[in-house]
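Please read the structure below before turning to the comments.
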Number of protein chains: 2
Amino acid sequence: MKRRPTIIDVAKKAGVSKTTVSRVITGDGANVREETIQRVQTAIDELGYTHNAVASSLRTDRTNLIMLSIPDITNPFWPAVARGVQDRMEREGYAVVFANSDWDAQREKMFLEMARRNRFDAILINPVRVNNDELKAAHIHTVLIGSHEGFPDFDIVGSNSYGATQLALAHLYDLGHRRIGLIRGERQSRPGHSRLQSYEDFLREKGLVLDSSLIVRVPFDEMGGRQAMEQLLSLAEPPTAVLAANDILAIGALQAAHQAGLTVPDQLSIMGIDDIFAASATTPPLTTIAKPQYEIGRQAAEFLLDRLGEQATAVPRRHLFNCTLQQRGSTGPPP
Amino acid sequence: MKRRPTIIDVAKKAGVSKTTVSRVITGDGANVREETIQRVQTAIDELGYTHNAVASSLRTDRTNLIMLSIPDITNPFWPAVARGVQDRMEREGYAVVFANSDWDAQREKMFLEMARRNRFDAILINPVRVNNDELKAAHIHTVLIGSHEGFPDFDIVGSNSYGATQLALAHLYDLGHRRIGLIRGERQSRPGHSRLQSYEDFLREKGLVLDSSLIVRVPFDEMGGRQAMEQLLSLAEPPTAVLAANDILAIGALQAAHQAGLTVPDQLSIMGIDDIFAASATTPPLTTIAKPQYEIGRQAAEFLLDRLGEQATAVPRRHLFNCTLQQRGSTGPPP
DNA sequence: CCCGGAAATGGGAACGTTCCCATTTTAACA
DNA sequence: TGTTAAAATGGGAACGTTCCCATTTCCGGG
């Protein structure tokens, strides 16, 4: 008899009904005598009983499982966010599990489908390709992470990426730079867009001319950053400062600059956005814009818990954290 | 009527039995007429039916969910491994989900318990604190990742970390270094141990004296690396080369060396192990030992699939990949 | 000592699926 | 056209839990 013991076995052993056992297990011990609890507990221990969450979920329609869907687990930005999510959700008895889509629309969809079929209680997602309507059609509690436009039906937590870009550009401008390159990522379409918008607005406000050759769009990884920088340096009139849409791109750019024999920041200033771990590891350490990653995760969890409670009808909320300048060594006055 | 449609609703609509619907859904269409399949399919579409994986799992005792439990999602080593796992497992219809214990024994245990209760089909784990017997007691298919000793009952996939250390030390030795520091991590006890062993063996073999002040043990993060390096530099007779147990420690060490005004590699050589992304981003880029991360993940998945098949009684296997030297700019002859 | 209400416990039914086994339909062949 | 085996379909039980509602037990006050 290899069968796993069930609550019925426990009930039999303890000489009570399965209902009583269930009450003990769920901690719904309100109406169970202390002595009975003990008896059940020992039966559980002796049999080595383990709760079957699947059966429980079937009956209750809750799994206590939350999915955190992100595009790129390689980007250290996310683990920091995840920590905030976990700390909050685990306290409420939820387990948080990662789904890494690797920028793959197919995979993102697959995970979404999985969360739905397996009745995950909710999803936290930084969407890659999926849109508002598809998410809505999934009929699962969802909170978005990232400063996305075009998702009117969902709670969103993110950072003010428009403001972050302004902050970065202002820093470079104040140092005296007037010819500033922008390295954008190809993939993360919407925030990239918002950064572009911000860039254009900034130039307009300061009365600088918009030179489209200063805007380069590349894949969202280190190699992309390198390529972009090489392209910028090959211009007849290269920029004196470069802002990359995230630190990974910036690090790639930094490497390319070194390789080209340029001294940073004396001959060229480089900035990133995010303030990931590696940003302080480069030489010179990268000036960047820090986002409150842990807090973002935490706030997203907070929204989610509201949704999981009774706030079902609440209107979609939006919380954008402000970003702060992390001034390090990769920026300085123009040559 | 807010209720989600079930196969019974579908069956009713299509004018067939629920059994037939089930056959269509599970793709077990062997014995279903093409026309019937079509009819069921349209009913499914019209009702917007979605399969309830929870109910299915209850009946079949399979969830097609795999947990990948790792200590530190911040360490870029793991995403690379994960990719190998995912690519292989998803092809077989499994979804891979991350559990990040953050070096926390409590959390690691929690996730293990969760995988068990929720009837995950298997676990891939790089154990932090959990031991052989606890894993065995969980009664769930498990494959270990990492070169751990003390887990006689499980398949293990990892890299030859003993060999990796030898390789690193040989590189430094060949460059002429005779006084080599070792930075160990505190947490990852067993492989750290194996590295220490390797270090001692190497010195013995080369007839070098073992100076215990050259061995520093610190927390497994960047700050740890810095501390360790500061400590080593404060010695009366500091080492001419330093090997760190992983790249993160090495990067911290590199920073500390810069801060102390040392030129790497002219005045001091530094090496890491793992070859994570950031290793090539430092200045100078880090010489390190590369592990075949993707392949490790892939092989682990392969072992797991065997277990999930019929190999239940197979004797535990062990696959250690060899590592290769990634020579970059952080090592050179001693001053 | 009995009564009444609260506390404790128990017995199905239900959750949505898959599997076993039985039954019906199909089609091939004599 | 009848026979038969194979193909297609259907009905109920089972998976292990929780919930509803009924029943029993307990205990203090009259």
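The chains referred to below are lettered A, B, ... by the order of the sequence lines, with proteins before strands, and numbering in each begins at 1. A quick note: this is a predicted structure, and the numbers were derived from the prediction, not measured.
- Taking the ring axis of A/Phe321 as reference, the NZ or CZ atom of A/Lys291 does not stay both within 45° of it and closer than 6.0 Å to the ring centre.
- Residue-level contact check: B/Val54 touches neither bases nor backbone, having no heavy atom under 4.0 Å from any strand.
- Residue B/Ser22 places at least one side-chain N or O closer than 4.0 Å to OP1 or OP2 of C/dT18.
- Atom pair B/Lys18:NZ and D/dG10:P shows a separation of 10 Å (rounding to whole Å applied).
- Closest of all the heavy-atom pairs between A/Asn100 and A/Ile73 is ND2-N, 3.2 Å.
- Across all strands shown, A/Thr36 has heavy atoms under 4.0 Å from sugar-phosphate atoms exclusively, and none from any base.
- Counting to the nearest Å, the P atom of C/dT9 and the CD atom of A/Gln38 are 13 Å from each other.
- To the nearest angstrom, C1' of D/dC15 lies 12 Å from CD1 of A/Ile7.
- Listed candidates were C/dG10, C/dT17, D/dG10. Nearest to the side chain of B/Thr20 is D/dG10.
- Between B/Leu58 and A/Ala55 the shortest heavy-atom distance is CD1-CB, 3.7 Å.
- The distance between atom CZ of A/Arg23 and atom P of D/dC19, rounded to the nearest whole Å, is 10 Å.
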Determine, step by step, whether B/Glu295 and B/Gln299 satisfy the side-chain hydrogen bond (donor to acceptor under 3.5 Å, both in side chains) criterion, reporting the C-alpha distance in whole Å, the side-chain angles of both residues, the deciding distance to 0.1 Å, and the verdict. CA-CA 6 Å; B/Glu295 286 306 322; B/Gln299 180 60 48; over 6 Å; no
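- Within the 4.0 angstrom heavy-atom criterion, only backbone atoms of the sugar-phosphate kind lie near A/Thr60; the bases stay farther away.
- The residue among A/Ile8 and B/Glu34 whose nearest nucleotide of DNA chain D lies closer to the 5′ end is B/Glu34.
- Of the listed nucleotides (D/dT17, C/dT18, C/dT9), C/dT18 has the atom at the smallest distance from the side chain of B/His51.
- Summarising the geometry, the separation between CZ on A/Arg119 and P on C/dG16 is reported as 8 Å, rounded to the nearest angstrom.
- Side-chain to base pairing of B/Thr19 with D/dG11: one donor and one acceptor N or O lie within less than 3.5 Å of each other.
- Using a 4.0 Å heavy-atom distance criterion, B/Thr6 is classed as a sugar-phosphate-only contact.
- Whole-Å rounding puts the B/Ile25 CD1 to C/dC19 C1' distance at 15 Å.
- Contact annotation: A/Ser17 side-chain N/O to C/dG11 OP1/OP2 distance is not under 4.0 Å.
- Under 3.5 Å, the side chain of B/Arg59 and the base of D/dG16 form no donor-acceptor pair of N or O atoms.
- As a whole-Å value, the separation of B/Arg39 CZ from D/dA8 C1' is 12 Å.
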Worked verdict on A/Ser22 versus A/Thr19 for side-chain hydrogen bond (donor to acceptor under 3.5 Å, both in side chains): CA-CA 5 Å; A/Ser22 172; A/Thr19 306; over 6 Å; no
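- Atoms CD1 (B/Ile44) and P (C/dT17) sit 10 Å apart, rounded to a whole Å.
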